[in-house]
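Order of appearance sets the numbers: ligands from 1, and atoms from 1 within every ligand. Here the structure is a predicted model, which means the values were calculated and not measured. In what follows, residues are counted from 1 in the order of the sequence shown.
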Amino acid sequence: MHPNVTEIDHPLMKHKLTILRNAETTTDNFRRVVREIAAMMAYEVTRDLATEMVPITTPVADCEAPVISGKKLCLIAIMRAGNGMIDGMVELLPGARVGHIGLYRDPETLEAVEYYYKVPSDIDERQVIVVDPMLATGNSASAALSRLKEDGVSSIKFVCLLAAPEGLETMAREHPDVPILTASIDSHLNEHGYIVPGLGDAGDRLFGTR
Ligand code: URA
């Protein structure tokens, strides 16, 4: 499906995901749980960050201790649902910059068209983590990754709550070099483009719209 996809296997994650899937979950609970899951995903997606030893003094002794080194981080939210995951991730990664990409689907060509693009000026030097809760067809995620690559970004990871096999196939075809971290690989897309069983429209559920 994709050469580098990781589905998080953790009881806490599965439990929280069930809360999101439940149609009866209220907007405030949905938001809170997305934030909690996003923080857990920030922990998981940074598992392989480089560290270096620095000298420090504890209250007891001098020692060498590890700190994060290497490329600085930038989180990129694909608007609008990606915004809902940023707060939780930033709680764990307070130094990360945050960029935004807005895309819509042209109804005639069905191509993803960019309407907003705001990223740090040194984006090409950063480890970029692109965030979108739902990897459905994969078209907007793929367009966002292509845009970032055009800007010279060479280290990218993609984080989503739910992935459909169709979206993973798109990513495998167009961005096999980008590792994907997801909380669940669901069954399929329905005729309306929703992930099944899914959780509905992530943006609507986060922002209380319809
Ligand atoms: N986007 C969503 O918000 N939900 C889906 O199921 C598919 C795409």
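Between Gly203 and ligand 1, a contact under 3.5 Å exists for no N or O pair.
Nearest protein heavy-atom contact of atom 4 (N) of ligand 1 is Gly200 O, 2.8 Å. For atom 3 (O) of ligand 1, the closest non-hydrogen atom on the protein side is Ala202 N, 2.8 Å. Considering only non-hydrogen protein atoms, atom 8 (C) of ligand 1 sits nearest to Ala136 CB, 3.7 Å. The nearest heavy-atom contact from the protein to atom 6 (O) of ligand 1 is Ile195 N, 2.8 Å.
Separating the CZ atom in Arg97 from the CG atom in Leu75 is a distance of 12.0 Å, to the nearest 0.5 Å. Atom NZ in Lys71 sits 8.5 Å away from atom CD in Glu125 (nearest 0.5 Å).
The one candidate from Val131, Asp132, Ile129, Ile123 that meets the side chain to side chain contact (heavy atoms under 4.5 Å, CB included) condition with Ile76 is Ile123.
Of all atoms in ligand 1, listed by their number and element, those nearer than 4.0 Å to a heavy atom of Gly193 are 7 (C).
Distances from atom 2 (C) of ligand 1 to the heavy atoms of Arg205, Met134, Arg80 put Met134 nearest.
A cation-pi arrangement is absent between Arg80 and Phe207 under the rule of less than 6.0 angstrom and at most 45 degrees off the ring axis.
Closest approach of Ser142 to His175, counting heavy atoms only: O-NE2, 3.0 Å.
With salt bridges taken as basic N to acidic carboxylate O contacts below 4.0 Å, one links Glu36 and Arg32.
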